[in-house]
> 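Got a structure here, written out as structure tokens. Questions coming.
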Amino acid sequence: MRIAEVYLRQKSKKIDRPFDYRIPDRLVGQVKKGMRVVVPFGKGNKRHEAFVLALKGDSDFGESVKEILEIIDLQPVLSEAQIKLCQFIQRYYGCLFYEALVLFTAPVKSIVTAEGIKAYQESIRYYRLLKDEAVRGSVQKRIMALLRESDISREALVAAAGNTASIRNLEKKRLIESYDEALALSRNMSVPTWEPTESDLYDCLLATNKGKVPLYIRCPKGETRHAFYRRMIEETLQTKEGQLLLIVAENNYITYYRKAFTDLFGTLVSFYHGGLSQKERYRNYQEIAQGHVRVVIGTRSAFFLPFRHLDHILLDEANDPSYAVPHMPKYDIVTLASRWQEDNPHTNVVLLEEVQGIRSVKNIEEKRWQEIPSPENLSQSKIHVVDMMQEMRRGNLDFMSKALRKKLEKNLETGQRTVFLLNATGYANYVFCKECGYVEKCPDCEVSFKYDKANALMYCGYCDQTKEFTGTCPNCHQRKGYGPIGLGIDRLMEILKKRYPEHEVLTLDARDTQNSKAYRLAMEKIQSDWQILIGSSTLLRFFNYPDHIATVGVLLADIELNRGHYTASEQAYRFFNLLRTLTPDVEDVWVQTHQPEHYVLKGLEKPQSYYQEEIAFRKLLRYPPYGNLIQMMIFGKQPKVLLKDAGKLYEWLKEEGLECYRSPNVMRIRGRDQFKTTLMVKTEKLENFHKAMKTIVDKRETYGFTSKVSIDVNPLYG
DNA sequence: CTAACAGCAACC
DNA sequence: GTTGCTGTTAGG
């Protein structure tokens, strides 16, 4: 075993493959799979960081193999199972191996110096008591008291002391000393004991004859799930070293569980998300790798933490769009978790959904997932589908149907609350001239401008182009007839405030979830005393709704139904159903539409018919999960070059025998001086696409091809 | 004749 | 990505 197969930490497709290096005598026995090493690479023997993926006796490259220069890590930073998953990600999502590696090793650093890469591993300084003597200073007393209880990190100690001089002085007096957490660890490892919490779901899980496949539970959010998670955590902590990962859709759920679980389980549970600082990430990484943290509640990035004995992966709300990552590599957590379980049958993967997704239906049908009967049913709130065409024929031209208006006014009288869903931000969707028919459009994206009344601006929903609203048509120069058309949240707010001046009207849209501060403010806003709440799809990202929400009204269901993505109807179906369970109080949901015959709306009353139609539609057009759809985005600085490159790629894919479609449109990218266009490939076997791409990269004249390409394999949400 | 430079292939 | 080799060409 004198040869190591390594992958370089680099971003070029051309050398995205393993390279052989000899292990020098002095490092024999030390180099292990999953470790990082420094190797000389290329004509100039430049020092490169590389990951050891395999060890073997000899190499096909004979005398030309070079020697590993040094080791970066003392312990592997990637497990065998993680290496396997990296290879899967590279293959399945068509990304660089490096991109997959980064997912798993983001918290692990290396230092780049003038000579190349320097071997380096960050570690956390901890302090411990050496001699327990009385000290005089109050700060020093506090430090001693803290250390008497347990060892503590330098960061925490500095925070408690308020200065670093006191710590230094105590260190000088040899009363305390610091040590490297990577080498020595001390933490309270005793596991508290509980009376196990009751959870019907847990009992169902136990009763199920677990096969070696992911388990699926259809179960509403809220108490039932909470109790189930709690029981699962308790059971995990009773084992010797088992670990549990609970993945939730977003940070706010973490906040919720932190409040609920910290007191119960203390430091055995940690909370992880992408917003942590590098230091915090690193600490979590170490503590989990060393088995000190047994339970992690985190967002999708927590999936890549270095668990040692991962017994359970629980995926909360498995069809939540946030599990599909929008940037390269465009992986999705459900796919990765299922794959993980295939390679690691000892890990128990449990997927939960409130409204069943099409992918789940198929996987259960084909016995790739096993369904566990859920003890609870969905909300019983009533659904009314309102035909707005009929409403119009009857002379009601208002955006609100007579029946919904009646219900709203009844709610206002009886002190009940009403929520409206309107998935259109801003004041109006279009600016239009009735005299000459002119529509204001974004010059780069060819979509109509939206209107922001407060700032007298027109803006593009895709890029960041804006245009001043003058009130005069730039085409026919008339003021009459030129103005905003369509209903946006801001306009609806204005209208409802005018109609019901003595009632409190609130809005909730994407601006309220932009950052944690906005989020916190929005949560307070929701708790305040309001009668009418108007929200975009952002509504479902909150869960602290007050009591007495009697009615939810979807003002324009057509927006959700006609999004043009193949999952639009599935998302709409899920969305409308989730509105029924916004709170347990909801009595009725009103869905206003211009197409009452749409199978999604019919399906709200008869779920079976919805699933039948949806599956038939996917099968007919060979959309996922009944076929593979690859969406490719091509980026570039100049629209002309971009279109030329897209054309080339399109031809190449066609010549490889693939069913390929291209968009003639070029769009500007928000916040950047770049443009994009799209290609789409449909194929029965994903392998055919990967083969074609490999042939293109290897054989074609790709030198003139300067545009960047991102690949989205079976995009779930768009 | 050289210097400059793009085009290209290999990197273990 | 980085390096160095190759063929081409402008300039003297």
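By convention in this document, chain letters (A, B, ...) are assigned in the order of the sequence lines, proteins followed by strands, and residues within each chain are numbered from 1.
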> Quickly work out the A/F41 CZ to C/dT2 P distance and round it to whole Å.
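Computing the A/F41:CZ to C/dT2:P distance gives 12 Å.
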
> Please work out if A/Y21 contacts a base, only the sugar-phosphate, or nothing of the nucleic acid, heavy-atom cut-off 4.0 Å.
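It contacts sugar-phosphate atoms only.
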
> Please list all pairs meeting salt bridge (Lys or Arg N to Asp or Glu O under 4.0 Å) that have one or both residues in residues 77-101 of chain A, counting only residues at least two apart or in different chains.
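Output for this query lists A/K33-A/E80, A/K84-A/D343.
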
> Give A/R17 one of three labels, base, sugar-phosphate or nothing, depending on what nucleic acid heavy atoms sit under 4.0 Å from its own.
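Here A/R17 touches the bases of the nucleic acid.
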
> Output the rounded distance in Å from CZ (A/R47) to P (C/dG1).
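Atom CZ in A/R47 sits about 22 Å away from atom P in C/dG1.
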
> What residues form a ring-ring contact (aromatic ring centres under 6.0 Å, His included) with A/Y566, not counting sequence neighbours?
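A/Y566 satisfies ring-ring contact (aromatic ring centres under 6.0 Å, His included) with A/Y623 once adjacent residues are dropped.
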
> Could you tell me how far apart A/L8 (CG) and B/dC12 (P) are, to the nearest whole angstrom?
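Answer to the nearest Å: 10 Å.
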
> Round to a whole Å and report the spacing from CG of A/D20 to P of B/dC12.
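It works out to 11 Å between those atoms.
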
> What residue pairs, at least two apart or across chains, pass ring-ring contact (aromatic ring centres under 6.0 Å, His included) with a residue in residues 673-698 of chain A?
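Listed by first then second residue: nothing to list.
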
> For A/N45 and B/dC12, what is the distance between atoms CG and C1' respectively, to the nearest whole Å?
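About 11 Å, once rounded to whole Å.
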
> Rounding to an integer number of Å, can you tell me how far A/D58 CG sits from B/dC12 C1'?
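Checked: the CG to C1' distance equals 14 Å.
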
> Around A/K441, counting heavy atoms of other residues, nucleotides and ligands shown, do more than 12 lie under 6.0 Å from its NZ?
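Not more than 12 within 6.0 Å, no.
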
> Excluding sequence neighbours, so at least two apart, what forms ring-ring contact (aromatic ring centres under 6.0 Å, His included) with A/F41?
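Here the qualifying residues are A/F19, A/H48.
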
> Mind jotting down which residue pairs meet the side-chain hydrogen bond (donor to acceptor under 3.5 Å, both in side chains) criterion with at least one end in residues 52-64 of chain A? Sequence neighbours excluded, please.
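Qualifying pairs, neighbours excluded: A/E5-A/K56, A/D20-A/K56, A/D20-A/S59.
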
> Could you identify which residues of residues 61-68 of chain A place a heavy atom less than 4.0 Å from some atom of DNA chain B, listed by residue number, or say none?
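Only A/F61, A/S64, A/V65, A/K66 qualify.
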
> Between C1' on C/dG1 and OH on A/Y7, what's the gap in Å once rounded to a whole number?
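Distance check: A/Y7 OH to C/dG1 C1' gives 16 Å.
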
> Take the protein atom NZ of A/K43 and the nucleotide atom P of C/dC5, then report the distance between them rounded to whole Å.
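So the two atoms are 7 Å apart, to the nearest Å.
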
